[in-house]
Engineer: 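There's a structure below that I have some questions on.
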Number of protein chains: 2
Amino acid sequence: MVRQRTKETGGSTARQRLTVQDWADAALAAMGEGGLAAVAVEPLAVRLGTTKGSFYWHFTNRDALIEAALDRWAETRTETVIAELADEPDPGERLRRLFLRATRRAAEDPLEVSLLASAADPRVAAALARVTDRRIGHIAALFAELGFPEDEAHRRGLLAYTAYLGHTQLSHAVPRSLPAGPARDRHLDTLLETLLRPAGTPGAGPDVRQANPQRRVTEPAAERG
Amino acid sequence: MVRQRTKETGGSTARQRLTVQDWADAALAAMGEGGLAAVAVEPLAVRLGTTKGSFYWHFTNRDALIEAALDRWAETRTETVIAELADEPDPGERLRRLFLRATRRAAEDPLEVSLLASAADPRVAAALARVTDRRIGHIAALFAELGFPEDEAHRRGLLAYTAYLGHTQLSHAVPRSLPAGPARDRHLDTLLETLLRPAGTPGAGPDVRQANPQRRVTEPAAERG
DNA sequence: GCACCTCCATACGGTGGCGTATGTTTTTAC
DNA sequence: GTAAAAACATACGCCACCGTATGGAGGTGC
């Protein structure tokens, strides 16, 4: 990510120039490590091997950087995962792989947790709202594809996303509280299974979805990567 | 919370003196609003109507304040809720009321979200680990009281706490994504009901996995969000 | 009522980060 | 190959905050 900028190494140095996105990515990285407050121009400049002079050429001030970073986050960190699985034909398997992949990535990157904690900032809140709507909508669409009626699909999508968020929090705060290794995927599978099971929805309950006969699926092995 | 300290109001002023806990509570409040970085001595002093002189009498430095605040949080914000419901005889009802109460409080107070995002700090991580273990253990004990075997009770306790965390995150980040008003409790009730329903136990390794209720394989067109 | 201890106020020096001003290098235009 | 533009470097003033030093209020013992 960070470009090399050896400063006085004779002639071989191709002194890269930085782009707005380089700064935005660095800001997101810093944000993941230390929250919004850690998005500081001068430390970022050091990390990028440059100086403030570069920064204030690309941005008017720190706020502009934060907005750029949030935009970049909202664009990249949601669509990529969705797009990666677009070729999977089976919606159930697509849901499962989406869930496993998303939780794994979120467990590796503290950025999302950091952003969730910065929702007091209106710009962060806006980005979060955008991303959350998109994600829940997409999951709900998967449930709808699986045969659930519209509102029930949305309800389950909401639950799935809630589980995703909670799991992410735990994986960062107290990782040892969660099963690790192969038990991890099994745990997430049972969680998904719970969400997929036809519930006795008491409120506006259609009667149809009764007991699941003989569900069998796809080995959990496929999801590596 | 903040004590009144009118500064020059003649003689009627009972000039309160501050305690270590006053500072710790103020630190927790600031932390909820702006994260760990917002725990700054001088702003806190202003909020408390005093000066740094007071602070550095009670604490050696800022780090000591943070530790005191974390200790106070770990002690108060978990045991109180548990203790408040100790007189409820029915474990199912105790679980339900615990869940409703905890989620409501967490939705009102941003502190917990902020702490979860500061888990990179080892002191915060320690406090979180303590509190998390205590809470999951307590919830698991409730499930055990309800008749679930030990490991299954723990598994469901973990799921319940995951749901709690996720719900809390959503309620702060994108509150409108969650049902409000009376639908709120109904939503949480169905969530709990899901967790209480006897499920296909995972440990013994039955082949049942992942459900497809009446597949209605739709066009991939539904994918557009 | 006087020494004494507790608790707070005020005044300092130091650091880290923001934003501006202005110089310097690299790239592009032609 | 030179002039203009783009991209970066350096130097400055400013503010917020940390921690220290020291000087008082206010109560307490006797």
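From a predicted model like this one, the values you see are computed outputs, not experimental measurements. Order of the sequence lines fixes the chain letters, A, B, ..., with proteins taken first and strands second; residue numbering starts at 1 for each chain.
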Engineer: Under a plain distance cut-off of 3.5 Å, with no hydrogens placed, do Thr78(A) and Arg130(A) share a side-chain donor-acceptor pair?
Structural biologist: no
Engineer: By the definition side chain to side chain contact (heavy atoms under 4.5 Å, CB included), identify the one residue from Asp71(A), Leu28(A), Asp121(A), Val39(A) that meets it with Ile66(A).
Structural biologist: Val39(A)
Engineer: On the nucleotide dC8(D), are OP1 or OP2 found under 4.0 Å from the side-chain N or O atoms that His58(A) carries?
Structural biologist: yes
Engineer: Without hydrogens or angle criteria, can the side chains of Thr103(B) and Arg184(B) be said to hold a donor-acceptor pair below 3.5 Å?
Structural biologist: yes
Engineer: I'd like a list of close polar pairs between nucleotides 14-18 of chain D and the protein, N/O only, cut-off under 3.5 Å.
Structural biologist:
| from | atom 1 | to | atom 2 | distance (Å) |
| --- | --- | --- | --- | --- |
| dC18(D) | OP1 | Val41(B) | N | 3.0 |
| dC18(D) | OP2 | Val41(B) | N | 2.8 |
| dC18(D) | OP2 | Glu42(B) | N | 3.1 |
| dC18(D) | N4 | Lys52(B) | NZ | 3.4 |

Engineer: Do the side-chain N or O atoms of Thr50(A) get closer than 4.0 angstrom to the phosphate oxygens (OP1, OP2) of dA7(D)?
Structural biologist: no
Engineer: Rounding to a whole Å, what distance do you find between Leu18(A):CG and dA9(D):C1'?
Structural biologist: 13 Å
Engineer: The side chain of Ser54(A) lies closest to which of these nucleotides: dA9(D), dT27(C), dC7(C)?
Structural biologist: dA9(D)
Engineer: Just the rounded figure in Å: distance from P of dG16(C) to CZ of Phe55(A).
Structural biologist: 20 Å
Engineer: How many whole angstroms separate atom CG of Leu44(B) from atom P of dC8(C)?
Structural biologist: 15 Å
Engineer: Does anything in residues 26-56 of chain B pair up under ring pair (Phe, Tyr, Trp, His ring centres under 6.0 Å), and if so which pairs, sequence neighbours excluded?
Structural biologist: Trp23(B)-Phe55(B), Phe55(B)-Phe59(B)
Engineer: In plain terms, say whether Glu152(A) and Arg155(A) are close enough for a salt bridge, that is, a side-chain N and a carboxylate O under 4.0 Å apart.
Structural biologist: yes
Engineer: Between dC7(C) atom P and Leu48(B) atom CG, what is the distance in whole Å?
Structural biologist: 16 Å
Engineer: So His187(A) and His167(A), do their side chains get closer than 4.5 Å, heavy atoms only?
Structural biologist: yes
Engineer: Leu65(A) CG to dG17(C) P: how many Å, rounded?
Structural biologist: 15 Å
Engineer: Send over the distance from Arg47(A) CZ to dG17(C) P, rounded to a whole Å.
Structural biologist: 12 Å
Engineer: Starting at CH2 of Trp57(B) and ending at C1' of dC7(C), how long is that distance when rounded to a whole Å?
Structural biologist: 6 Å
